[in-house]
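Single-structure report; data block below.
Scope of the values below: all heavy atoms of this structure, side chains included, with no hydrogens, waters or symmetry mates. Ligands are counted one by one from 1 in listed order, and the atoms in each one are counted from 1 as well. In this text, all values refer to a predicted model and were calculated from it rather than measured experimentally.
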Amino acid sequence: MASSGNDIAKTLPTGAESLSAFDRPVPARVNAAGFGSDVVADALRATDIPYIALNPGASYRGLHDSLVNYLGNERPQMLLCLHEESAVAIAQGYAKVTGKAMAAAVHSNVGLMHATMAIFNAWCDRMPVVILGATGPVDAVKRRPWIDWIHTARDQGALVRGYTKWDDQPASPTAAREAVLRANWIANTAPRGPTYVNLDAEMQESTLLEPVAPIDAKRFMPPVESAAPAELIMQAANLLRSAKYPVILAGRVSRNIDAWNARITLAERLNARVVTDLKIGASFPTDHPLHAGAPGGTVLCPEAIKAIRAADIILSLDWVDIAGTIKNVGGNVTAKFVQVSVDHRLHNGWSMDYQGLPPVDVFLACEPDVAVPALVNALGPAGPRAVQSGTKEFPKLADGKLTVDHLADALRRTIGERPASLTHVSLSWNGASWHFRHPLDYLGSDGGGGVGGGPGISVGAALALKGSGRFPVAVCGDGDFLMGVTALWTAAHYRIPLLIVVANNRSFFNDELHQERVARMRNRPIENRWVGQRISEPDIDLAGMARAQGAQGFGPVTTVSDLAPTFEKAIAAVEAGAVAVVDVRVEPGYTAATTAEMTRKSE
Ligand SMILES: Cc1ncc(C[n+]2csc(CCOP(=O)(O)OP(=O)(O)O)c2C)c(N)n1
Ligand SMILES: [Mg+2]
C-alpha cells in the first residue's frame with residue numbers, strides 16, 4: 001500500500017480538465033523555452049501539479065508570462081486569488097483531499113508576508129504546498145528605482161524558514177529547474193509540508209543563450225517509503241497482544257480507504273478503543289462500537305479520557321500531541337506507548353508545534369499506513385472478541401434558542417444520504433453531531449490555529465472534490481468566515497461548487513471564554529467578557545458578503561424551523577454548480593465540556 005499521498009487523486013477527475021474552459025489565453029505560438037522563467041514553467045509542468053493559485057506581482061512577471069504564453073495556462077492552470085493567504089489555503093485544502101501538493105505563487109516580500117499565516121497552517125497540518133516567490137533583481141545594478149528596492153530583501157526565505165521544510169533561491173534557470181523539482185519532491189515526502197522557492201526576477205527574465213539540457217524529471221522526484229524493521233514490528237505486536245485495555249490514538253493518517261479498513265481490522269483484532277481528533281481528518285469510523293465517544297478538539301470526550309486512563313498499551317498512529325493528551329486526562333497514564341510516526345524528521349528550533357516530548361516504549365519510524373497492515377500481519381489471526389459498545393447518540397437538542405447543535409442536526413438531515421465531505425468545522429462544533437464513515441467524510445482543521453483559513457481551505461478541498469460525487473460542505477465561525485471570505489470569489493470564478501454554513505454567533509466567541517476565565521481567576525465581573533469581542537452593532541450582512549464574491553447568499557436564518565428549508569435551497573444551488581453561503585445566527589456557546597475546561601477558575 002502506498003503511503004506517500006493516497007489513491008484518491010487517481011479516482012477523482014483531474015480537475016484540470018474541468019476548469020480548462022476558464023481564462024483561456026490566445027495562442028502565443030511559442031514552442032521553445034526562450035527565457036529563464038520558461039525553464040521554471042517547464043519544471044512545474046514536469047511535477048504534474050495541476051494548478052497554481054496566485055495573486056500577481058511584478059517580481060514574477062517573467063514566470064507569469066511563461067505560464068500564460070509559453071504553457072498556455074494549462075498544467076498548471078492559474079487560479080487567481082484575491083489574497084495570498086487564500087492562495088496558500090486553497091493549496092492546503094487541495095492537499096487535504098489528494099495528499100499531493102498544488103503550487104501557490106506570491107509576490108516578493110509583501111505577497112509572502114500576506115501568505116505567512118496560511119503557510120504556517122499548512123506546516124502544522126503537515127500538508128504539502130509548493131510555494132513560488134520572487135525577489136527583485138539580486139544584482140542591485142539591475143533594480144528599477146524604489147519599487148525593486150523595497151521588494152528585495154536579503155534572505156527572503158528567512159520569513160518562512162521556521163515553518164517550511166526547505167527553501168532555495170536558485171541563481172540560474174538550470175538551478176531553478178532543479179529547485180522546483182526538489183521543492184515538489186520534499187513537499188510530498190512524509191512528513192509533508194510547504195516548501196518555498198524564491199525566483200530572482202533577473203534570472204526569470206534572462207534570455208536563454210542556449211537550451212537547457214533535457215532531463216527525465218521523474219527520476220529526480222523518487223517516491224520515498226519508510227518501513228519499520230520487522231523486529232520492531234514484532235516487539236510492538238507482542239506488546240499489543242499482551243494488552244488488556246489497548247487504546248489506539250488515531251492521528252495523522254491518509255485519506256486512503258484501504259488504510260482506513262486496515263485500521264478497523266487492527267482495532268477489531270485487538271478489541272482496542274479508538275480515539276480520534278477533530279484537529280485532523282477522519283481516521284476511524286466514529287460510529288464504530290470501538291470508537292470512544294465522539295471526536296474531540298482540544299478537549300477530549302469523557303469516554304476517551306476514561307479509555308486513555310484505563311489503558312495498559314497505547315498505540316499512537318502519529319497522534320498530534322501525546323504529551324498534551326496525557327496532561328489533559330490528568331497525567332496519571334501508566335500505559336506503555338507504541339508510537340508510529342516520522343514527524344520527528346521535521347522538527348526544528350523555531351516552531352514548537354512538535355509539542356511535549358512523549359514517553360515511547362517502541363518507536364516505529366514509518367507512516368501509519370505502512371505500520372498498520374504490518375501489525376495486523378504480525379498479530380496473526382484471533383478468534384472473535386466481544387466488541388464493547390459505547391453511546392453513539394447525536395446531541396439532544398434544547399428547545400428554544402438556535403444553537404450550533406440545531407444547525408448541525410438540520411444540515412445533516414438535509415444532506416441526507418449524499419456522500420458529503422465536511423471540509424472544515426467551526427470552533428463551536430460538537431463532534432457528536434456528525435458521523436465519519438469514510439476518510440473523506442471529514443478533512444480536519446486549519447492545522448496552525450490560524451483563524452481565517454476555513455474558507456480558503458474549503459475552496460481548495462472543493463476544487464479537489466469537484467466531479468467526485470462528494471458534496472463539499474464547510475461550517476465556519478463568523479470570525480473565520482470574515483477573515484477569509486474573499487477566497488469565495490475564486491470558487492465562484494472557476495465554478496467550484498461549495499456550501500459554506502456560517503455558525504454566526506456574532507463574536508470572536510472563543511476569546512470571550514478566555515476573558516471569562518481571566519475574570520474568574522481575578523474575581524472580576526465576567527459580564528464584561530464580550531467587550532472587544534462581539535461583532536455586532538452593526539451586524540454584518542454575511543450573505544451579502546457572499547453575494548459580493550459571486551456566491552449565492554442565504555439568511556440570516558434565525559429560527560430552527562427555517563434551517564432545513566434554507567439548507568435545501570442552498571444545497572440545490574450547489575448541486576447546480578454554485579457556491580452558496582448560509583448565515584445562521586447561533587447562540588454563542590461551545591459544548592459543555594469545552595466551556596467547563598475553558599472557563600475553569602484554576603490555571
Ligand atoms: C489569525 C488569528 N487571529 C486571532 C486568533 C485568536 N482567536 C482564536 S479563536 C478566535 C475566535 C474565532 O471566532 P469565530 O471563527 O467566530 O469562532 P467562535 O469562537 O466565535 O465560534 C480568535 C480571534 C487566531 N487564532 N488566529
Ligand atoms: Mg464567532
Just jot down the ring-ring contact (aromatic ring centres under 6.0 Å, His included) partners of Phe567, sequence neighbours excluded, or say none. none
Candidate with minimal heavy-atom separation from atom 21 (O) of ligand 1, of Asp446, Val404, Asn505: Asn505
Quick one: does Met117 get an N or O within less than 3.5 Å of an N or O on ligand 1? no
Is ligand 1 less than 4.0 angstrom away from at least one heavy atom of Gly449? yes
Heavy atom of Ser507 under 4.0 Å from ligand 1? yes
Under 4.0 Å from atom 23 (C) of ligand 1, can you find at least one protein heavy atom? yes
Salt bridge (Lys or Arg N to Asp or Glu O under 4.0 Å) contacts in which one or both residues fall within residues 318-327, not counting sequence neighbours: Arg252-Asp318
Polar contacts were defined as any N/O atom of the residue lying under 3.5 Å from an N/O atom of the ligand; does this apply to Phe508 and ligand 1? no
Could you go through residues 568-583 and list every donor-acceptor pair under 3.5 Å that involves a side-chain atom there, pairing it with any protein atom two or more places apart or in another chain?
from: Glu575; atom 1: OE1; to: Arg418; atom 2: NH2; distance (Å): 3.4
from: Glu575; atom 1: OE2; to: Arg418; atom 2: NE; distance (Å): 2.6
from: Asp583; atom 1: OD1; to: Asn504; atom 2: ND2; distance (Å): 3.0

For ligand 1 and Leu427, I'd like to know whether there is a polar contact (N/O to N/O, distance under 3.5 Å). no
In terms of atom number and element, which parts of ligand 1 are under 4.0 angstrom from non-hydrogen atoms of Tyr590? 18 (P), 19 (O), 21 (O)
Protein N, O or S atoms less than 2.8 Å from the Mg ion (ligand 2), ignoring waters? Asp478 OD1, Asn505 OD1, Ser507 O
When only distance counts, is Gly479 in polar contact with ligand 1, meaning an N/O pair under 3.5 Å? yes
Numbering as shown, the atoms of ligand 1 that approach Asn510 to under 4.0 Å (heavy-atom distance): 8 (C), 9 (S), 10 (C), 11 (C), 19 (O)
Member of His514, Gln533, Arg529 meeting the side-chain contact (heavy atoms from CB on, under 4.5 Å) criterion with Phe509: Arg529
